[in-house]
Asks: 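Below you'll find the structure I mean.
Bear in mind the structure is a predicted one, so any value in this text is a computation, not a measurement.
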Amino acid sequence: LKTDQTGVLLWDSAYGGSLEDIGKSVSEATDGGYVITGYTKSFGQGEEDVYLLKTDMVGNLKWTKTYGGTAEDIGSEGKLTKDGGFIVASYTKSFFSGNYYQNRFIKTDSSGDLLWSREDSTPYNRIVTSVCPTFDSGYIFAGYDDYAGQDNYFLFKTNSDGYYYA
């Protein structure tokens, strides 16, 4: 939903299918529309798939995209990038052996088409919750893991292609 500065409702819309579809973040796009990041059980190929939706400035759906494999893929946050595309912080069980969540960073063009994805692999859960484009056209990701049996905060800096700095 969207309100004016005093809280008066301007419009509201619902998106998704007949199953569980969860929005976790929203960002404004360059055209005044919005991009919603989350996950879907209604669409895609897995238990849950990352779900990216684009609306116009009054909430009309322009397009949707899903990203994932056959297991769980959860979108945490998506942001507009300098090139007009989107960077998505997500975590997945689809692309690794073992029963652990791993980070997956997804870069799309302005239409939501996949340009690249980067995954990491650890023998423990690693869950990215936030992303922010940086001034040097890279990205910074934050989240937590359960290394050594306790929750730990992490912060990753990548270059513009999503690779970690050493």
Asks: Could you report the tightest heavy-atom contact between Gly78 and Ser27, atom names first, then the distance?
Replies: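 For Gly78 and Ser27, the tightest heavy-atom pair comes out as O-OG, 2.8 Å.
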Asks: Identify the heavy atoms of Ser18 and Ser42 that sit nearest to each other, and give their distance.
Replies: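 So the two residues come closest at N-OG, 3.3 Å.
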Asks: Report yes or no: does Ser111 contribute a side-chain atom to a donor-acceptor pair with the main-chain N or O of Asp113 at less than 3.5 Å?
Replies: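 Judged by distance alone, no pair lies under 3.5 Å.
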Asks: Hey, what do you get for OG1 (Thr158) to CG (Asp136), rounding to the nearest 0.5 Å?
Replies: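 Going from the OG1 atom of Thr158 to the CG atom of Asp136 covers 8.5 Å.
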Asks: With distance as the sole test, does Asp146 use its side chain to make a donor-acceptor pair with the main-chain N or O of Gln150 at under 3.5 Å?
Replies: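 No; judged by distance alone, with no hydrogens or angles, the pair does not exist.
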Asks: Can you say whether the rings of Tyr34 and Trp11 are parallel (under 30°), tilted (30 to 60°) or perpendicular (over 60°)?
Replies: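 Because their plane-to-plane angle lies in the 30° to 60° range, the rings of Tyr34 and Trp11 count as tilted.
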Asks: Are Thr70 and Gln45 close enough that a side-chain donor and a side-chain acceptor fall under 3.5 Å?
Replies: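 No - no donor-acceptor pair under 3.5 Å links their side chains.
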Asks: Give the C-alpha distance, both sets of side-chain angles, the deciding distance and a yes or no for side-chain contact (heavy atoms from CB on, under 4.5 Å) between Phe86 and Lys107.
Replies: CA-CA 6 Å; Phe86 306 100; Lys107 174 69 174 91; over 6 Å; no
Asks: Please enumerate all residues that pass salt bridge (charged side-chain N to carboxylate O under 4.0 Å, His left out) together with Lys24, with sequence neighbours excluded.
Replies: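 Counting only residues at least two positions away or on another chain, Lys24 forms no salt bridge (charged side-chain N to carboxylate O under 4.0 Å, His left out).
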Asks: Using the rule ring pair (Phe, Tyr, Trp, His ring centres under 6.0 Å), only one of Tyr101, Tyr144, Phe154 pairs with Tyr91; which is it?
Replies: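 For Tyr91, the ring pair (Phe, Tyr, Trp, His ring centres under 6.0 Å) test succeeds with only one of Tyr101, Tyr144, Phe154, which is Tyr101.
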Asks: Mark yes or no for whether Arg118, through its side chain, and Asp161, through its backbone, hold a donor-acceptor pair below 3.5 Å.
Replies: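 Confirmed, Arg118 side chain pairs with Asp161 backbone.
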Asks: Considering all heavy atoms of both residues, which atom of Ala71 and which atom of Ser94 are nearest to each other, and what is their separation?
Replies: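 Looking at all heavy atoms of both residues, the closest pair is N-OG, 2.9 Å.
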Asks: Which heavy atom in Asn99 sits nearest to a heavy atom in Asn125, and how many Å separate them?
Replies: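 Looking at all heavy atoms of both residues, the shortest contact is O-OD1, 4.2 Å.
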Asks: How close do Glu77 and Thr37 get, heavy atom to heavy atom, and via which atoms?
Replies: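 The answer is C-CG2, 3.8 Å.
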Asks: Less than 6.0 Å separating the ring centroids of Tyr147 and Tyr124?
Replies: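 Centroid separation for Tyr147 and Tyr124: below 6.0 Å.
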Asks: What residue among Ile127, Asp73, Val50 forms side-chain contact (heavy atoms from CB on, under 4.5 Å) with Ser90?
Replies: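 Per the side-chain contact (heavy atoms from CB on, under 4.5 Å) rule, the option paired with Ser90 is Val50, out of Ile127, Asp73, Val50.
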Asks: Tell me whether Val131 is reachable from Trp116 by hopping between hydrophobic residues (I, L, V, M, F, W, Y) whose side-chain heavy atoms are closer than 4.5 Å.
Replies: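 Yes, one cluster joins them.
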Asks: If you measure from OG1 on Thr122 to CG on Asn103, what distance do you get to the nearest 0.5 Å?
Replies: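 Those atoms lie 7.5 Å apart.
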Asks: Find the distance between CG (Asn60) and OG1 (Thr55) and round it off to the nearest 0.5 Å.
Replies: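 Those atoms lie 8.0 Å apart.
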Asks: Provide the closest heavy-atom pair for Gly143 versus Thr129 in the form atom of the first, atom of the second, distance.
Replies: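 Nearest heavy atoms, Gly143 then Thr129: CA-OG1, 3.7 Å.
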Asks: Kindly work out whether a path of hydrophobic side-chain contacts (I/L/V/M/F/W/Y, heavy atoms less than 4.5 Å apart) joins Leu61 to Val58.
Replies: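 In one cluster: yes.
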Asks: Kindly work out whether a path of hydrophobic side-chain contacts (I/L/V/M/F/W/Y, heavy atoms less than 4.5 Å apart) joins Phe43 to Ile36.
Replies: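 Same cluster.
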Asks: Check whether Lys2 reaches the backbone of Gly59 with its side chain - one donor and one acceptor, N or O, closer than 3.5 Å.
Replies: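 The answer is no, because no donor-acceptor pair under 3.5 Å joins these two groups.
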Asks: Flag the pair Phe105 / Phe141 as yes when their ring centroid distance falls below 6.0 Å, and as no otherwise.
Replies: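 For Phe105 and Phe141, the ring centres are under 6.0 Å apart.
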Asks: Measuring from Cys132:SG to Lys157:NZ, what's the distance to the nearest 0.5 Å?
Replies: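 Here the interatomic distance stands at 10.0 Å.
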Asks: Quick check: is Ile106 connected to Tyr163 through a chain of hydrophobic side chains (ILVMFWY, heavy atoms under 4.5 Å apart)?
Replies: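 In one cluster: no.
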Asks: OG1/Thr66 to CD/Glu48 distance, rounded to the nearest 0.5 angstrom?
Replies: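 Thr66 atom OG1 to Glu48 atom CD measures 13.0 Å (nearest 0.5 Å).
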Asks: Do Tyr15 and Met57 sit in one hydrophobic cluster, given that two such residues count as connected whenever their side-chain heavy atoms are within less than 4.5 Å of each other, even indirectly?
Replies: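 Yes.
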Asks: Does the pair Thr30 and Leu80 meet the rule for a side-chain contact (heavy atoms from CB on, under 4.5 Å), with working shown?
Replies: CA-CA 8 Å; Thr30 55; Leu80 182 67; 3.5 Å; yes
Asks: Ion pair present between Asp21 and Lys41, side-chain N to carboxylate O less than 4.0 angstrom?
Replies: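 Looking at Asp21 and Lys41, the cut-off is not met.
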Asks: To the nearest 0.5 Å, what is the distance between CD (Glu47) and OG1 (Thr40)?
Replies: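 Going from the CD atom of Glu47 to the OG1 atom of Thr40 covers 13.0 Å.
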Asks: Would you say the side-chain atoms of Thr92 pair up with the backbone N or O of Gln102, donor to acceptor, closer than 3.5 Å?
Replies: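 Looks like no, no N/O pair under 3.5 Å.
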Asks: Between Lys65 and Asp49, is there a side-chain N and carboxylate O pair less than 4.0 Å apart?
Replies: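 The answer is no: the pair does not qualify as a salt bridge.
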Asks: Is there a donor-acceptor contact under 3.5 Å linking the side chains of Tyr139 and Asn159?
Replies: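 Side-chain D/A pair, Tyr139 to Asn159: absent.
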Asks: One thing to verify: whether Lys62 and Asp31 come together as a salt bridge, which I'm taking to mean a side-chain N less than 4.0 angstrom from a carboxylate O.
Replies: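 Looking at Asp31 and Lys62, the cut-off is met.
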Asks: I'd like to know whether the aromatic ring centres of Tyr51 and Tyr39 sit less than 6.0 Å apart in this structure.
Replies: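 Between Tyr39 and Tyr51, which both carry aromatic rings, the centre distance is not below 6.0 Å.
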Asks: Can you confirm whether Tyr100 is buried at OH, in the sense that more than 12 heavy atoms of other residues, nucleotides or ligands lie under 6.0 Å from that atom?
Replies: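 Count not over threshold, so no.
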Asks: Do Val8 and Thr3 have side chains that approach each other closer than 4.5 Å (heavy atoms only, starting at C-beta)?
Replies: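 Not touching, per the 4.5 Å side-chain cut-off.
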Asks: Mind checking whether Ile140 and Leu155 have side chains closer than 4.5 Å, heavy atoms only?
Replies: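 Yes, side chains in contact.
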Asks: Do Ser117 and Glu119 pair up side chain to side chain, a donor and an acceptor below 3.5 Å, judged on atom types alone?
Replies: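 Yes, because at least one side-chain N or O of Ser117 sits under 3.5 Å from a partner of the opposite role on Glu119.
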Asks: Determine, step by step, whether Leu52 and Thr64 satisfy the side-chain contact (heavy atoms from CB on, under 4.5 Å) criterion, reporting the C-alpha distance in whole Å, the side-chain angles of both residues, the deciding distance to 0.1 Å, and the verdict.
Replies: CA-CA 6 Å; Leu52 193 65; Thr64 66; over 6 Å; no
Asks: So, Ser110 side chain and Gly85 main chain: donor-acceptor pair closer than 3.5 Å or not?
Replies: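 Here the side-chain-to-backbone pair does not exist.
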Asks: Determine yes or no for a side-chain-to-main-chain donor-acceptor pair under 3.5 angstrom, with Lys82 supplying the side chain and Phe135 the backbone.
Replies: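 Here the side-chain-to-backbone pair exists.
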